[in-house]
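Have a look at the structure below before the remarks.
Chain A is the first sequence line, chain B the second, and so forth, proteins listed ahead of strands; every chain is numbered from 1.
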Protein chains: 2
Amino acid sequence: MAVTLGQVARHAGVSLATASRALNGSARTVGDGLAARVRASADELGYLPNAPAQALARASTATIGVLLHDIADPYFGALAKGATDTAADAGLLTMVLNTGGDPEVELRCIRMLHAQRVRAIVLAGSGYTDPGATAAIDAALSLYRAEGGAVTAVSDHGDGYDTVLPDNRGGAAALTRALLDLGYRRPAVIAGPERFRVSAERLAGVADALAEVGLTMDQIRVEEAEFSRAGGRGAVGRLLDGAAGGRDRDQGRPDVVLALSDVCAVGVLAELRKRGIDVPGGIAVAGFDDIPLAADLAPALTTVRMPLLQMGAEAVGLALGRQDDGPSGPVRTLRLPVEPMLRASTGTP
Amino acid sequence: MAVTLGQVARHAGVSLATASRALNGSARTVGDGLAARVRASADELGYLPNAPAQALARASTATIGVLLHDIADPYFGALAKGATDTAADAGLLTMVLNTGGDPEVELRCIRMLHAQRVRAIVLAGSGYTDPGATAAIDAALSLYRAEGGAVTAVSDHGDGYDTVLPDNRGGAAALTRALLDLGYRRPAVIAGPERFRVSAERLAGVADALAEVGLTMDQIRVEEAEFSRAGGRGAVGRLLDGAAGGRDRDQGRPDVVLALSDVCAVGVLAELRKRGIDVPGGIAVAGFDDIPLAADLAPALTTVRMPLLQMGAEAVGLALGRQDDGPSGPVRTLRLPVEPMLRASTGTP
DNA sequence: CAACCGTTGGAAAGCGCTTTCCAGCACTGG
DNA sequence: CCAGTGCTGGAAAGCGCTTTCCAACGGTTG
């Protein structure tokens, strides 16, 4: 059915080899006249190379894979945008796979991408605390790398991987410091799920800043929540209900809720609105990530700006660099600064 | 480097054919004993099938392609989520390509996906008013379909394509009607770019509803804006500046701005906030799409709910159905109802 | 018991391309 | 004038699979 290179070659009256060299790029060059004739034939017949066949013959595809929790999540959406655009600029196609943050699914996805012989795999939001999950994934990845695949991680996935590393800990510390400077003294934290490393990193940053004013994590409430709107709603609910039970209502109630991801913070805002608690008057709220709509929420969300597009782009960049360097080059870590953004949800400074 | 089927076959002491049949699914069955031996060898050696080679031999891949404007846009993000998850459930991988809404880019993307021999192409936000652009794209698509590819569109892309068709026109009419019912009488519209068909559909819906109360489109201001926050900001700026120039400030100023996409509405809200105009007190605002965060904006955005996840999922479903039906089956159009969501940005009803 | 089945395993022919290797050619320089 | 040199084009050998064929075999049937 499809037009093959062979048909183009016959139509142009040249050999298969010549047609291949003329059309699909090769070290060898083809005489001008012949090349033009081949191209003309290809156009006339509407030839489109068969990418799987090329991949087989070349032992290399023009695709990369991106693993993330959920493409509809604005955090990962921005990351994916940066990655896909950079890949497209390099002439590569991108397969996007949702893992739902489940290491088992991630493992299966890695195997699929390996089977596809993608050139590179970008891991976003990988990095689990469970050693078993990590081990299985690392094993699959090292098989993949042994065959020439490049792997890069966005945020820490472990040593040995080229990594784009936003300063989660430093950012959390800076944000916390800023909140303390604003006068908040009874912070509560909504942390990400313990199974993700990034949760601990951000929590550590909060602890760093608290320590500077003589506070410890024991003295504040920490609730865990999934990285989702619903997770944030539930967590702040537990926070408030727990607080109300304990002692005097205003005493136990935090004066600022620090949600360590913006999507959670969105849920926090929604729940507080539903309960009729003013933000920031009653309780202030801060998030983390600076997803695109953070500044447009009600009220505008104080958060930590992550350079999401850049992170996605650099992750692909690192992978492409690895292709050139070969697998034995030094592991690269690209540290990216982050910046607290103070907005209305924590009151005007 | 990589473990091949041949190695597995040798290790298990069977032929290539048997190994293939045992491992990678086939009409033919293999004796239980042999099959087990082959699977054991495959596990032991860590065999992963070479997908490009399979694709070549089978003349069919396990991938689909999704074309959209911008994966970071929440509208397309949700669509993509529905599509990728449905594809994954069917054992398919998804390539996501950003076209930026540019027909030229879209054309190149279609060719790339065709070259990849993806099973299906989902077009989201395609559908241009420029006949030239449409013709080129249709030509590329019909070549693709001639070789067995399935194409489905989300929103109208033209006849002859399986289509998931949300009721853009009806939704716009229903929303407009609702605004009129709330008492708004000087609506202004921020329409999408004329080059997209969907813009005209939604505009037509607005006209439908206006006609019911004896208004025509001539009597209201319509500004065009890109589907983006910046587009919305600019458009509402032009709207207000133009209005102020003409006549009495409150006379010329609209009482409600109907942005025909939520991302534009976000920009509208931002610009009005910056100008110190209260929403909905000074001017009410409505959007379209009901992107995930629409209800969390400041103020919560009145809009038209589109079943985005479902749309993405159904689009893939239609494509898979087409695979089974063959190219000559009847063209399917799946009409999906939409629903106005009245929220704070247009005042409490 | 011979002719005939339905099964199951293997040999081998591709799938559409890339890339080695070789042949032919027109030039150089000694 | 001929061996040597650089190019260019073509023949053919794969790349790792799937899938026809074909052969062998145990089991029916008349």
field: Qualifying ring-ring contact (aromatic ring centres under 6.0 Å, His included) pairs with a residue from residues 83-124 of chain A, counting only residues at least two apart or across chains
entry: A:H114-A:Y144
query: Would the number of heavy atoms belonging to other residues, nucleotides or ligands and lying under 6.0 Å from CZ of B:R145 be above 12?
result: yes
- prompt: Will you find, in the side chains of B:D102 and B:Y128, an N or O donor that is under 3.5 Å from an N or O acceptor?
  reply: no
- prompt: Along nucleotides 6-16 of chain D, 5' to 3', which nucleotides get a B, which get an S, and which get a -, given that the test is a protein heavy-atom distance under 4.0 Å?
  reply: --BBBB---BB
query: Side chain of B:R119, backbone of B:T61: donor and acceptor closer than 3.5 Å?
result: yes
message: Side-chain N or O of B:N24 versus OP1/OP2 of D:dT18: is the shortest distance under 4.0 Å?
response: yes
query: Charged N to carboxylate O below 4.0 Å: is that the case for B:R39 and B:D43?
result: no
